[in-house]
There are 2 protein chains.
Amino acid sequence: MERGQPGFLLSQLGAHAAGRFAERLKDLELSPADAGILRLLRTAAGISQQELSSRLQIHPSRLVAILDNLERRQLVERKPNPDDRRLYSLHLTKDGGEILQQIGRVAREHQDALLSALTGEERAKLTEMLQRVADAEGLTRGVHPGYQRMGK
Amino acid sequence: MERGQPGFLLSQLGAHAAGRFAERLKDLELSPADAGILRLLRTAAGISQQELSSRLQIHPSRLVAILDNLERRQLVERKPNPDDRRLYSLHLTKDGGEILQQIGRVAREHQDALLSALTGEERAKLTEMLQRVADAEGLTRGVHPGYQRMGK
DNA sequence: GGCGACGGTTTCATAGTGAAATCATTTATA
DNA sequence: TATAAATGATTTCACTATGAAACCGTCGCC
């Protein structure tokens with residue numbers, strides 16, 4: 001990849017953005033994967049670990065430890081599934097919901113800082129272009145390829 | 001980070017682009033860090049490992065193994081520095097120069113595939129915006145934050 | 001000439017990784 | 001209904017990557 005070229009820039013900036021965001025999340029003692037899980041559970045309450053792991057592309061064996069941690073901190077709850085005793089039914093707790101709000105705040109701050117060099121109009125154009133590229137590449141919205149390796 | 005928002009998109013697409021590029025590099029049996037090193041050595045022939053590691057933000061102890069490998073494959077040469085016998089003077093070999101050309105080819109293919117959803121005009125606009133953001137964030141051109149953890 | 005700093009390398013302790021094994025439970029099959 | 005196969009969550013294990021610190025030879029300074 002040549003420097004100054006969009007491919008490299010994209011990858012470079014993406015890694016930078018992810019790193020900066022991860023740093024901000026550390027204030028909340030959360031990893032990016034933690035945040036992704038909490039966010040997904042808001043809209044997909046009750047899903048199983050299996051389903052969670054396949055949606056976010058996190059290895060099931062890794063998910064065990066992550067959920068253990070989130071449950072210990074009472075941000076997530078593993079409820080039994082009455083229909084299938086093998087499955088857990090995962091839910092956000094009250095605390096989990098509240099921390100999710102903080103995550104949202106952090107994300108907005110992060111984004112504003114990151115894109116301060118662009119006008120509002122440019123941000124919209126950038127978002128639209130990036131979304132188009134992401135769709136063309138078959139990326140699922142909200143699923144970060146790095147979740148596979150951003151557990152801690 | 002909310003989905004569909006530029007911050008997340010950037011990070012998501014960046015990771016995707018880096019992953020795809022790394023896959024293509026595998027055909028040449030190179031890691032992204034390998035490619036970064038070869039590329040830098042083209043314009044900065046003769047530098048020491050110390051200097052290389054600080055420019056690319058690669059840990060010195062990790063650099064040893066990477067250079068061992070590149071030297072074994074005769075893509076890079078460690079010459080003694082006559083002025084200071086502690087320092088190596090790193091150089092691309094003939095083979096290294098040739099593989100660098102192949103890397104360039106792979107990078108162009110990668111980039112074309114990645115941005116196929118955008119017109120030429122849009123690509124230029126995207127590049128310009130990304131460069132502006134990268135500059136504002138203080139990123140050094142050609143230095144990927146991920147080199148720190150993309151040795152293999 | 002001796003002493004602290006420096007470059008490159010090695011060692012080491014730690015942590016993260018996925019593949020495969022395990023165990024309970026459910027579904028399919030006959 | 002009995003038995004086999006599949007599934008979900010977890011644990012175990014072998015492998016790799018990581019940086020900190022120790023190490024050795026060399027340099028610059030006083």
Side-chain angles (χ1 to χ4, degrees), chain A residues 15 18-19 22-23 26 29-34 36-37 40-41 44-72 76-91 144-152, chain B residues 15 18-19 22-23 25-26 29-34 36-37 40-41 44 46-72 76-91 144-152:
Chain A
E23 263 180 52
K26 268 195 192 155
E29 297 186 76
L30 291 173
S31 71
D34 290 335
I37 288 169
L40 181 57
L41 286 185
I47 63 175
S48 67
Q49 293 189 193
Q50 180 82 355
E51 171 131 19
L52 181 57
S53 91
S54 90
R55 283 223 217 166
L56 292 190
Q57 314 261 42
I58 300 176
H59 200 279
S61 67
R62 222 155 67 73
L63 195 51
V64 174
I66 297 178
L67 285 176
D68 282 352
N69 181 40
L70 291 177
E71 192 173 35
R72 186 183 49 74
V76 160
E77 204 178 354
R78 282 177 170 119
K79 294 185 183 172
N81 182 330
D83 298 334
D84 188 333
R85 280 188 287 177
R86 292 172 305 178
L87 279 63
Y88 281 123
S89 170
L90 299 172
H91 294 269
H144 198 296
Y147 283 155
Q148 284 163 54
R149 25 192 86 183
M150 298 187 81
K152 272 275 168 55
Chain B
E23 264 180 50
L25 278 180
K26 267 194 192 154
E29 298 186 76
L30 291 173
S31 72
D34 290 336
I37 288 169
L40 182 55
L41 285 185
I47 63 175
S48 66
Q49 294 188 194
Q50 180 84 351
E51 171 131 19
L52 180 58
S53 90
S54 92
R55 283 222 217 168
L56 292 190
Q57 314 260 41
I58 300 176
H59 199 280
S61 67
R62 221 157 65 74
L63 196 52
V64 174
I66 296 177
L67 286 176
D68 282 351
N69 180 41
L70 290 177
E71 192 174 35
R72 187 184 48 75
V76 160
E77 203 178 354
R78 281 175 170 120
K79 294 184 183 173
N81 182 328
D83 298 333
D84 188 334
R85 276 190 288 179
R86 292 172 305 176
L87 279 63
Y88 282 124
S89 170
L90 300 173
H91 293 269
H144 198 294
Y147 283 155
Q148 284 164 53
R149 25 193 85 183
M150 299 186 79
K152 271 277 166 53

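All values below come from the heavy atoms of this structure, side chains included, with hydrogens, waters and symmetry mates left out. Letters A, B, ... mirror the listed sequences (proteins, then strands); counts begin at 1.
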Phosphate oxygens OP1/OP2 of D:dT18: is one of them under 4.0 Å from a side-chain N or O of B:Arg62?
yes
Kindly indicate whether the side chain of A:Leu90, heavy atoms from C-beta on, has any atom under 4.5 Å from the side chain of A:Glu77.
no
Using atom CG of A:Leu87 as one end and atom P of D:dT7 as the other, report the distance to the nearest whole Å.
12 Å
Value in whole Å for how far the C1' atom of C:dA5 lies from CG of B:Asp84:
12 Å
Which residue lies more 5' along DNA chain D, comparing B:His59 with B:Asn81 via nearest heavy atoms:
B:His59
Rounded to whole Å, CD of A:Gln50 lies from C1' of D:dA6 at a distance of 11 Å
Which sits closer to the 5' end of DNA chain D, B:Pro82 or A:Ser61, going by the nucleotide each is nearest to?
A:Ser61
For B:Asp83 and C:dG7, what is the distance between atoms CG and C1' respectively, to the nearest whole Å?
15 Å
Protein-nucleotide distance (A:Glu51, atom CD; D:dT7, atom C1'), rounded to Å:
14 Å
Between B:Arg85 and D:dG25, is there a side-chain N or O to OP1/OP2 distance below 4.0 Å?
no
Between atom OG of A:Ser48 and atom CZ of A:Arg78, what is the distance when rounded to the nearest 0.5 Å?
12.0 Å
Got A:Leu52 and A:Ile58 here, is their nearest side-chain heavy-atom distance under 4.5 Å?
no
In Å, rounded to the nearest 0.5 Å, how long is the span from CZ of B:Arg86 to CG of B:Asn81?
10.0 Å
Looking at B:Arg86 and D:dC27, is any side-chain donor or acceptor paired with a base atom of the opposite kind under 3.5 Å?
no
Rounded interatomic separation in angstrom, taking CD from A:Gln57 and C1' from C:dT17:
16 Å
Taking the minimum atom-to-atom distance to the side chain of B:Gln49, which one of C:dT9, D:dT11, D:dA9 wins?
C:dT9
Within this structure, what is the CD1-OH distance for the pair A:Ile66 and A:Tyr147, rounded to the nearest 0.5 Å?
10.5 Å
Rounding to a whole Å, what distance do you find between B:Tyr147:OH and D:dA17:P?
18 Å
Rounded to whole Å, please give me the gap between OH in A:Tyr88 and C1' in C:dA24.
11 Å
